[in-house]
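Please read these numbers as outputs of a predicted model, since none were measured by experiment. Computation of the quantities below employed the complete heavy-atom set of this structure, encompassing side-chain atoms and omitting hydrogens, waters and symmetry-equivalent molecules. Below, read A as the first sequence line, B as the second, and so on, with proteins coming before strands; counting in each chain starts at 1.
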There are 2 protein chains.
Amino acid sequence: MTEPTATRPRRSDATRAAILRAARERFAAEGYDRATIRAIAADARIDPSMVMRYYGSKEGLFAAAAEFDLRLPDLADVPPNQLGEVLVRHFLDRWESDETMAALLRTAATNPGAAERIRAIFAEQVAPAVAQAAPADLPRRAGLFASQMLGLALTRYVLRLPPMVEMDRADLVAWVAPTVQRYLLGTPGA
Amino acid sequence: MTEPTATRPRRSDATRAAILRAARERFAAEGYDRATIRAIAADARIDPSMVMRYYGSKEGLFAAAAEFDLRLPDLADVPPNQLGEVLVRHFLDRWESDETMAALLRTAATNPGAAERIRAIFAEQVAPAVAQAAPADLPRRAGLFASQMLGLALTRYVLRLPPMVEMDRADLVAWVAPTVQRYLLGTPGA
DNA sequence: GTCTATAATTCGATAGAC
DNA sequence: GTCTATCGAATTATAGAC
């Protein structure tokens, strides 16, 4: 009686998961064009044709691998004077624990579809979260916030500018949090 | 006597220039991988083999096309309280008048050589300029400055986040200049 | 479900005629 | 100096055996 009859045994979902894990790594490290289905399949220890069977095409695989949730906290619960610090810490955590965002960013530089996905994440996840905390000028504040957070990620994780790589978390938060704080709650002049 | 005998006539340098112009456009719009020699040659109205003849290889062509000078002003001449404004304006001007930087940034997302070039530009042009204006913590301040300026360029010119595209120059300068000002001259906390 | 074999493109690069 | 023709390699994707 070890056969699950109700929800179906989920036979060989391990293969799907292995493909997805390898795809995320390759896309993150090399971007869409340079990450080949052959290399991804080799990483996952399976045959390249299986990738096609499970995900239909390279684009389909990327779409599945680029699913991403920023897991932004409810900003209404955060004390206003700690908004910058909480957000910078959260983004550093997410960037360092999940390479999906790096894959998306690397790919979006040359792939219109991936750029559109980033715009969607911005519209569906970032902008609504900012709306819970900022008083007015919502799209603008969210955009400025994104410009600094993506610039941080770009220089630290993608371009690897030495000073940005070497700076530790505490210093990074100390310097960047006030910027985020001002973009969300401050005025242009101050 | 229309023949220049001394410095050599420079016959057909127009072709070289046309190739370079087309290459910059293609690399800027599509990045290194997707920009093909065939497409560049078609844009320049010449045969693909001429590209190889003049620049040896695709990498050689990119190296020639990615030569870039930020033309940073002497920051010692700028009143300290106007540093942020002057720098943000200057970078917006350079990004909008020369697509070479966009080509480099798009390519650097997946191409290690292009990323190395950006690090070189940072070390040879940005860091020394910042050193003329900032008091201490030089590499760190230069890195933070780069994170905001590249984040601005990334979201406005590459990813095209709607709020960042729609914001006009004056608003952009008003919001971002204080950030740059603090990174160069301020302290982490304020 | 998994793999072999291969079709159909596309690309960078080369050789050589004119 | 410019172009035609083509090579060799690599890629995505498909068809079908086991």
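The nearest whole Å value for the distance from the OH atom in Tyr55(B) to the C1' atom in dG1(D) is 15 Å. The CG atom of Leu61(A) sits 10 Å away from the P atom of dA13(D) (whole-angstrom rounding). Rounded to whole Å, the distance from CZ on Arg34(A) to C1' on dC11(C) is 13 Å. In this structure, Ile40(B) places its CD1 atom 12 Å from C1' of dC11(C), rounding to the nearest Å. Atom CG of Asp47(A) and atom C1' of dT6(C) are 13 Å apart (whole Å).
Residues forming a side-chain hydrogen bond (donor to acceptor under 3.5 Å, both in side chains) with Thr107(B) (at least two apart in sequence, or on another chain): none. Taking the side chain to side chain contact (heavy atoms under 4.5 Å, CB included) definition, one finds that Pro163(B) meets it with Phe122(A), Pro139(A), Leu161(B), sequence neighbours left out. Partners of Pro128(B) according to the side chain to side chain contact (heavy atoms under 4.5 Å, CB included) rule, which considers only residues two or more places apart in sequence or in another chain, do not exist here.
Contact check, Tyr54(B) against dT2(D): a side-chain N or O comes under 4.0 Å of OP1 or OP2.
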Nucleotide by nucleotide, 5' to 3', does protein get under 4.0 Å of the base (B), only the sugar-phosphate (S), or neither (-) in nucleotides 12-18 of chain C, counting heavy atoms? BSB----
Distance-only criterion, 3.5 Å: show the donor-acceptor pairs between side-chain atoms of residues 63-77 of chain A and protein atoms not counting sequence neighbours.
unit_1   : atom_1 : unit_2    : atom_2 : d
Asp69(A) : OD1    : Arg71(A)  : N      : 2.8
Asp74(A) : OD1    : Ala76(A)  : N      : 3.0
Asp74(A) : OD1    : Gln132(A) : NE2    : 3.4

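Residue pairs meeting the side chain to side chain donor-acceptor pair (under 3.5 Å) criterion with at least one member in residues 17-29 of chain A, sequence neighbours excluded, are Arg26(A)-Glu30(A), Arg26(A)-Asp43(A).
If you check the side chains of Ser147(B) and Gln148(A), you find a donor sitting under 3.5 Å from an acceptor.
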